Amino acid sequence: MHIYSRRTTYLLFLFFGFLPCSYTWQDDQTLHYEALKQQMIDTQIKARGVNDPEILSVMETVNRHLFVPEDLREYAYNDGPLPIGHGQTISQPYIVAYMTELLQPDSHHVVLEIGTGSGYQAAVLSKLVHFVYTIEIIPELGNEAAKRLKQLGYDNISVRVGDGYQGWPEFAPFDRIIVTAAPEEIPPKLIEQLKAGGRMILPKGPQWWGQDLLIVEKDNDGNVSIEKTIPVRFVPMVKERKP
Ligand code: SAH
C-alpha cells in the first residue's frame, strides 16, 4: 500500500532531503562573521560615540575578516589591532571608524591615504567618497592589498608602492588626507597636497608612545590650523625602507 504518490514522495524528498543540504558550511561562516561584525559595531563603535549612520552602515558592509591573515579571521572583529605581517598591523576597528568620522568624508571627495597596510581603511573610505589613492611603503603589503581590493570588487581605489612622505603629486591636491602610520612631524608635502578647505587626520609623535591624533585644516586662504584629539598608538611612519 502506498501512503504517498510517487510525485508526493519526490516533492517530500526535495523539501526534506535537498533543502537542508543547501545550507552549507559557508552560509554558517557568513552568519558567524555577520554576528561578530554587528557586535563590534554595537559594543566598540556606537558605544564609544561614533553615530554617523552612513559610517556605521559602511562598517557593516566591509568584511574585516577578509583583510586579516586567514589564521586570525576569528579575531578580526575583536577590539584591537591585529598583525598583518612584516611587523605591521591593521588598526583597531574603533580607530578606523573614529578617524573616518573626523575626516568628514563626502561623496565627491578625492582622498589620499598613507599606509595602505591591509587595505581595510581604504575599503571603508571608498564606500563614502569618490576615489581613494593609497600609498604603502612595504611592496609585499601594497601588492597584496591591491590584489585583495580588486578581488573584492573595490574599484575606486588605487594602490601605489612608495614613500608616503612624498604624497602623490600627480593627483594632488586632495580634499582629504588620512595618515595611518605616525610621523614625528607633519610631512610638509602632505600639507602642500591638501586642497584649500581640506582636512587631514594623522597620528603624530614618537614611536609607540606619546602620539596624538591631529586634525589639520587648511582654510580657503591657505592658512593651516592644527587641533589635537585623542592619544593613540600607531606604527611609525618610516623615512625609508631598510633592506
Ligand atoms: N591603514 C591600514 C593600517 C596601516 S598600518 C589598514 O587599514 O590595514 C601602517 C602602514 O603604514 C604599514 O603597512 C606601514 O608599512 C605603512 N607605512 C609606514 N611608513 C610609511 C611611509 N613612509 N609611506 C607609506 N606607508 C608607510
Side-chain angles (χ1 to χ4, degrees), residues 40 45 55 58-59 61-69 72-73 75-78 80-103 105 111-129 132-149 152 154 157-169 171-172 174 176-191 193 200-208 211 213 232-243:
M40 166 191 92
I45 297 175
I55 294 177
V58 164
M59 302 282 298
T61 64
V62 181
N63 288 317
R64 187 172 158 94
H65 63 278
L66 302 180
F67 290 82
V68 303
L72 297 179
R73 282 188 177 171
Y75 312 107
Y77 298 96
N78 284 8
L82 282 178
I84 52 171
H86 307 273
Q88 306 305 318
T89 54
I90 178 174
S91 310
Q92 181 188 12
Y94 167 67
I95 289 293
V96 173
Y98 183 59
M99 287 177 80
T100 304
E101 187 174 62
L102 290 180
L103 206 61
V111 179
L112 174 68
E113 181 196 26
I114 307 300
T116 315
S118 68
Y120 177 68
Q121 173 78 73
V124 168
L125 280 173
S126 76
K127 298 274 182 194
L128 296 159
V129 302
V132 180
Y133 292 94
T134 177
I135 304 177
E136 170 56 53
I137 204 163
I138 300 179
E140 293 85 343
L141 285 179
N143 294 333
E144 208 180 308
K147 198 168 122 200
R148 171 182 300 123
L149 290 164
L152 294 174
Y154 293 94
I157 303 175
S158 193
V159 182
R160 163 166 151 180
V161 171
D163 176 12
Y165 282 97
Q166 308 309 315
W168 199 328
F171 297 104
F174 299 97
R176 298 288 186 261
I177 299 180
I178 180 169
V179 184
T180 62
E184 299 216 0
E185 297 302 333
I186 303 175
K189 289 198 176 159
L190 297 186
I191 295 188
Q193 292 177 25
M200 166 158 67
I201 306 300
L202 81 162
K204 184 178 87 79
Q207 184 167 357
W208 304 123
Q211 300 170 3
L213 194 60
V232 284
R233 202 163 75 165
F234 276 79
V235 295
M237 182 165 166
V238 295
K239 284 273 194 247
E240 62 186 277
R241 199 185 171 204
K242 314 263 179 318

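Computed from a predicted model, the values in this text were never measured in an experiment. Every number for a ligand or one of its atoms is a count from 1 in the order of the listing.
- Distance from atom 23 (N) of ligand 1 to its nearest protein heavy atom, with residue and atom name: Gly164 N, 2.8 Å.
- Of all heavy-atom pairs spanning Pro206 and Glu184, the tightest one is CA-OE2, 3.9 Å.
- Atom 7 (O) of ligand 1 has as its closest protein heavy atom Gln121 N, 3.0 Å.
- The number of heavy-atom neighbours closer than 6.0 Å to NZ of Lys204, taken from other residues, nucleotides and ligands shown, is above 12.
- Rounding to the nearest 0.5 Å gives a distance of 11.0 Å between CD1 of Ile201 and CD1 of Ile177.
- Using a non-hydrogen distance threshold of 4.0 Å, Gly162 registers as a contact of ligand 1.
- Here the protein heavy atom with the shortest distance to atom 12 (C) of ligand 1 is Gln88 OE1, 3.2 Å.
- The shell of residues lying under 4.0 angstrom from ligand 1, judged by heavy atoms, excludes Pro183.
- Close N/O approach between Ile84 and ligand 1 is not found [any backbone or side-chain N/O within under 3.5 Å].
- Taking the side chain as every heavy atom from C-beta outward, Tyr133 and Thr116 never approach each other to under 4.5 Å.
- For ligand 1 and Tyr165, the ligand atoms under 4.0 Å from any heavy atom of the residue are 22 (N).
- Within ligand 1, the atoms closer than 4.0 Å to a non-hydrogen atom of Ile135 are 24 (C), 25 (N), numbered from 1 in the order shown.
- Annotation: atom 3 (C) of ligand 1 to nearest protein heavy atom, Thr89 O, 3.3 Å.
- Heavy-atom proximity to Tyr120, at under 4.0 Å, picks out these atoms of ligand 1: 7 (O).
- Near Leu141, with a cut-off below 4.0 Å to any heavy atom, the atoms of ligand 1 are 13 (O).
- With contacts defined as side-chain heavy-atom distances shorter than 4.5 Å, the pair Gln121/Ile90 does not qualify.
- The shell of residues lying under 4.0 angstrom from ligand 1, judged by heavy atoms, includes Thr116.
- In plain terms, the two heavy atoms of Pro183 and Met237 that are nearest each other are N-CB, 3.6 Å.
- Within 6.0 Å of the CZ atom in Arg233, the count of heavy atoms belonging to other residues, nucleotides or ligands does not exceed 12.
- Between Arg64 and Pro93 there is a side-chain heavy-atom pair separated by less than 4.5 Å.
- Nearest protein neighbour of atom 8 (O) of ligand 1, counting heavy atoms only, is Ser118 OG, 2.6 Å.
- Residue contact check for ligand 1: Lys239 places no non-hydrogen atom closer than 4.0 Å to it.
- Note: Leu190 CG to Leu112 CG = 6.5 Å, rounded to the nearest 0.5 Å.
- Polar contact with ligand 1: present for Asp163 (N/O pair, distance under 3.5 Å).
- Closest approach of Ser158 to Trp168, counting heavy atoms only: O-CZ3, 3.7 Å.
- Proximity to Ile138 (heavy-atom distance under 4.0 Å) selects the following atoms of ligand 1: 15 (O).
- For ligand 1, the atoms closer than 4.0 angstrom to any heavy atom of Pro236 are 18 (C), 19 (N).
- Under the 6.0 Å distance and 45° angle rule, Lys189 does not count as a cation-pi partner of Tyr165.
- Distance CE/Met200 to CD1/Ile186: 5.5 Å, rounded to 0.5 Å.
- Interface of Glu113 with ligand 1, defined as ligand atoms under 4.0 Å from a residue heavy atom, comprises 1 (N).
- Across Leu202 and Pro187, no two heavy atoms sit closer than the pair CD1-CD, 4.1 Å.
- The heavy-atom pair separating Pro105 from Val129 by the smallest distance is CB-CG1, 3.6 Å.
- From the protein, the heavy atom lying nearest to atom 13 (O) of ligand 1 is Glu136 OE1, 2.7 Å.
- In the vicinity of Ile90, heavy-atom distances shorter than 4.0 Å reach the ligand 1 atoms 8 (O).
- Regarding atom 20 (C) of ligand 1, its nearest protein heavy-atom neighbour is Ile137 CG2, 3.7 Å.
- Heavy atoms of Val235 found under 4.0 angstrom from ligand 1 belong exclusively to the side chain.
- Of all protein heavy atoms, the one lying nearest to atom 19 (N) of ligand 1 is Val238 N, 2.9 Å.
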